Amino acid sequence: MSISNIKLDVNFVRSQFPTFKDPTAKKWSFMENAGGSYVPQTVIDRLNKFMISTKVQPYADYPMSKIAGEEMNRSISYFASMINAKENEILIGGSTSVNLYVLSNALKKFIKPGDEIIVTNQDHEANISPWRRLTECGAKIKEWKINKNTGELEIETLEKIISKKTRILAVTHCSNIVGSVNNLKKITNLAHNYGAIVIGDGVSYAPHGFPNVKELGVDFYTFSLYKTYGPHLGLLFGKEKILKKLPNQNHEFLDGQYPYTINPGGPNHEESAALVGIYEYLQSLYKHHFKDTNITILNKITKLNNLFSNHEEDLANPLLEYISSNKYLRLIGKDKIYNKNRAPTIAFVSKYKSSKEISDYLIKNNIATRNDNFYAWRCLNALGINSEDGVIRISLVHYNKISEVNKLIQIIDKIKWN
Ligand SMILES: Cc1ncc(COP(=O)(O)O)c(C=O)c1O
């Protein structure tokens with residue numbers, strides 16, 4: 001059977017997440033996944049186990065401590081395999097915002113007056129302000145602006161502003177508002193031709209399938225583990241050859257011991273260990289859907305990614321079609337997902353009602369969502385949308401069901417617009 005013939009068994013998927021049976025949560029259609037996802041039982045079990053059996057300072061020689069350290073290392077090792085990185089290229093921090101701030105502080109050393117940094121106005125603020133702050137080292141900031149009509153970042157616009165003076169290009173892999181997946185590989189190739197370092201924000205991309213960082217070619221890549229079915233942590237990938245050169249921001253005696261030199265301190269131990277549960281969840285999904293177990297972790301991830309994408313296309317396309325054909329609504333971004341060119345992160349507004357009114361109405365009807373600018377206020381400003389009231393954002397992941405989408409469409413369809 002070819003990959004495309006295999007459909008995601010969404011009932012099996014949901015059976016792995018205890019939240020779907022929880023009395024508070026189970027009556028809700030959860031559509032705010034881009035804010036943070038549910039966690040599978042495997043993650044909860046890992047967290048519990050760590051807290052009960054190994055909640056001691058890791059890496060000593062007595063069993064509880066030894067196991068604690070081994071579990072934390074195992075997380076790094078699995079994530080390295082899943083995103084095609086080396087173990088010493090992975091850093092775990094409190095969040096993507098923290099990771100990017102810490103990274104920008106480390107990269108300061110390489111910025112001198114007259115150097116240029118490119119940020120976009122499509123990104124979440126987490127991948128903008130840490131770079132904009134480098135004006136304090138004399139950097140000049142250039143903004144890669146979206147097309148105001150489509151919300152898209154166009155390569156031709158980047159080509160006009162990039163130069164040999166560009167040191168850093170910070171760009172999102174997928175917008176948390178427009179939903180578009182940017183061609184990070186192409187963007188990175190272009191930036192590398194000018195000698196610039198590329199920082200990719202994968203927060204809105206990774207919940208829909210882990211990236212292959214080697215294939216993308218990016219120098220740094222971040223995503224938030226609490227949006228990829230794990231606890232509240234962020235992962236930062238950095239190319240070894242660059243990490244090596246960064247200044248030590250940790251304790252003095254750790255000098256030279258990258259990647260531990262980047263973060264000023266260690267990560268949350270129990271949550272780091274619980275990341276093994278994400279791998280275990282994906283393993284069990286793989287086993288449920290595919291027979292061939294004799295392949296690499298990376299290949300399994302690729303096959304699962306296709307499974308997720310196909311399911312997410314089936315979920316998102318009817319909703320995109322409905323919103324784009326409803327004359328009272330303005331859809332942001334592409335009106336169809338095709339070949340993973342868009343995430344099922346779907347934002348819209350209406351000039352007939354505020355986003356808050358629409359969101360309140362959806363919540364009354366047990367659709368868990370919200371209106372906001374989702375910290376991409378520059379993007380909303382560029383699109384001419386009030387960034388206080390924001391957009392209504394429906395963000396779906398692979399555990400959502402088509403019946404939930406159909407219900408949402410029916411609910412929106414009942415709104416009296418005037
Ligand atoms: C696209 C994007 N980038 C970055 C962030 C910041 O992530 P964190 O909450 O881990 O700091 C978010 C959070 O919503 C996001 O959506």
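A quick note: this is a predicted structure, and the numbers were derived from the prediction, not measured. Whatever order the structure lists them in is the order used to number ligands and atoms, beginning at 1.
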Hey, does Glu321 have a side-chain heavy atom less than 4.5 Å from the side chain of Lys336? no
Rounded to the nearest 0.5 Å, how far apart are CG of Asn212 and CG of Asn305? 9.5 Å
Are the aromatic rings of Phe210 and Tyr205 close, with centres under 6.0 Å apart? no
Would Asp389 and Lys356 pass as an ion pair if we require N to O under 4.0 Å? no
Which ligand 1 atoms are under 4.0 Å away from a heavy-atom of Ser95? 8 (P), 10 (O), 11 (O)
Ligand 1 atoms in contact with Ser204 (distance to a heavy atom under 4.0 Å): 1 (C)
Quick look: Tyr226 vs ligand 1, heavy-atom contacts under 4.0 Å, and the answer is side chain
Is the distance between the ring centroids of Tyr279 and Phe79 under 6.0 Å? no
Look at ligand 1 and say whether Gly234 reaches it with a heavy atom at a distance under 4.0 Å. no
State whether the shortest distance between N or O atoms of Thr96 and N or O atoms of ligand 1 falls below 3.5 angstrom. yes
Identify the protein heavy atom lying closest to atom 16 (O) of ligand 1, giving its residue, its atom name and the separation to 0.1 Å. Asn176 ND2, 3.4 Å
Do the ring centers of Tyr38 and Tyr229 come within less than 6.0 Å of each other? no
Numbered atoms and elements of ligand 1 in range of Ser97, under 4.0 angstrom, heavy atoms: 6 (C), 8 (P), 11 (O)
Quiz question: by atom type and distance under 3.5 Å, do the side chains of Asn182 and Gln122 form a donor-acceptor pair? yes
min-distance protein heavy atom vs atom 7 (O) of ligand 1 -> Ser224 OG, 3.3 Å
Starting from atom 12 (C) of ligand 1, which protein heavy atom do you reach first, and at what distance in Å? His124 CD2, 3.1 Å
From atom 13 (C) of ligand 1, work out which of Lys227, His173, His232, Glu125 has a heavy atom at the shortest distance. Lys227
Side chains of Tyr221 and Ile83: does their closest heavy-atom pair fall under 4.5 Å? no
At under 4.0 Å between heavy atoms, what of Asp201 touches ligand 1? The answer is side chain
